[in-house]
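All remarks here apply to the structure that follows.
Residue numbers begin at 1 in each chain, while the letters A, B, ... track the order of the sequences.
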Number of protein chains: 2
Amino acid sequence: MNITEIRNKLKGRGLKVTPQRIAVLEAVTILKDHPTAERIAEYIRKDHPDIATGTVYKILEKLVDNKLIMKVKTDKDIMRYDAILYNHHHLYSAQSERIENYFDEELDQLLRDYFEKKDIPDFRIEEIKLQIMGKFLDKE
Amino acid sequence: MNITEIRNKLKGRGLKVTPQRIAVLEAVTILKDHPTAERIAEYIRKDHPDIATGTVYKILEKLVDNKLIMKVKTDKDIMRYDAILYNHHHLYSAQSERIENYFDEELDQLLRDYFEKKDIPDFRIEEIKLQIMGKFLDKE
DNA sequence: ATTATTGCAAAGACTTTGCAACTCC
DNA sequence: GGAGTTGCAAAGTCTTTGCAATAAT
């Protein structure tokens, strides 16, 4: 995702395009490891040493409100962010803070079929996400 | 779950049995709505007005470490707890803080079957939880 | 008697807020 | 020019920590 694309995403939501917003959205996009606000601020400071921490938080919240990024649930109390918006699941390491995306169209279809037949009483499903806990077998 | 059961759970883990620990474990068990630490402390103070907030946090952490309760992941940064330990899923309200348990053996079987055939590269699954986001249609 | 746990208060981590100065459209 | 955004610092919220006093085994 290049700068022009980022500008357009912001504009498309009626948000003013500022260097800080570009930097934050770019950072969340580039840092694919579901970064914390702290990590995002640190990354941005390479190019924008003066960005305030409060600004990063404000921008992240605004981007979430405007559905340009998402929050990721974790067991810990530190919020993490994700720039991938189409439906996907997460692989969580049982032993570290690592979180990876998991895409599986076939699984999504299976779940849609399943819940078409099976009704949850008093509940209308909008979205289903899997949290898959386990062990990464590679370099982790 | 009565007091004796609670005492036994604590003993079974080699934990000293104190009134505070009994109260915390009992509270998480009774409050089935995935309470926050704050809510748990408030509940306990009905009978133990002097319990310290720090103590509640320490005990919750110890219970989690000893797998007597679990943390529940949320989009918010406040931790919530659950005394139900066997595998289950969660229904999240898209508009409020409500979280309900969802049990579905058939679904669990479906997922087991699915992932027996379909391998996730470099990952060994230990547990799968669904986060089902949507709208509660009852009194909410 | 020994070791762990509690209460308290202070510190810590993460996040939000208020507001004047500044930018974007 | 006007509305929205930024930087800064202070405040807020949730959680953890250190330690002397206390309670459990």
Just the rounded figure in Å: distance from C1' of D:dC14 to CZ of B:Arg39.
17 Å
Please tell me whether B:Asp82 and B:His90 have a donor and an acceptor in their side chains that are separated by less than 3.5 angstrom.
yes
Indicate whether any N or O donor in one side chain lies under 3.5 Å from an N or O acceptor in the other, for B:Asp108 and B:His88.
no
Does a salt bridge link B:Lys118 with A:Glu106, judged by any charged N lying under 4.0 Å from a carboxylate O?
yes
How close or far is atom P of C:dT15 from atom CG of A:Leu60, stated in whole angstroms?
9 Å
Rounding to a whole Å, what distance do you find between A:Lys11:NZ and D:dT5:C1'?
17 Å
Footprint string (nucleotides 2-8 of chain C, 5' to 3'): B base within contact, S backbone only, - free, heavy atoms under 4.0 Å
-BSSBBB
Could you tell me whether the side chains of A:Arg45 and A:Thr53 share a donor-acceptor contact shorter than 3.5 Å?
yes
Separation of A:Glu42 atom CD from C:dC14 atom C1', in whole Å?
15 Å
So, is B:Tyr57 near the phosphate of D:dT15, with a side-chain N or O under 4.0 Å from OP1 or OP2?
yes
How many Å lie between CZ on A:Arg7 and C1' on C:dC24, as a whole number?
10 Å
Heavy-atom closest pair, residues B:Arg80 and B:Asp33:
NH2-O, 3.0 Å
Could you check whether the rings of A:Phe115 and B:Tyr102 sit parallel, tilted or perpendicular, using 30° and 60° as the cut-offs?
tilted
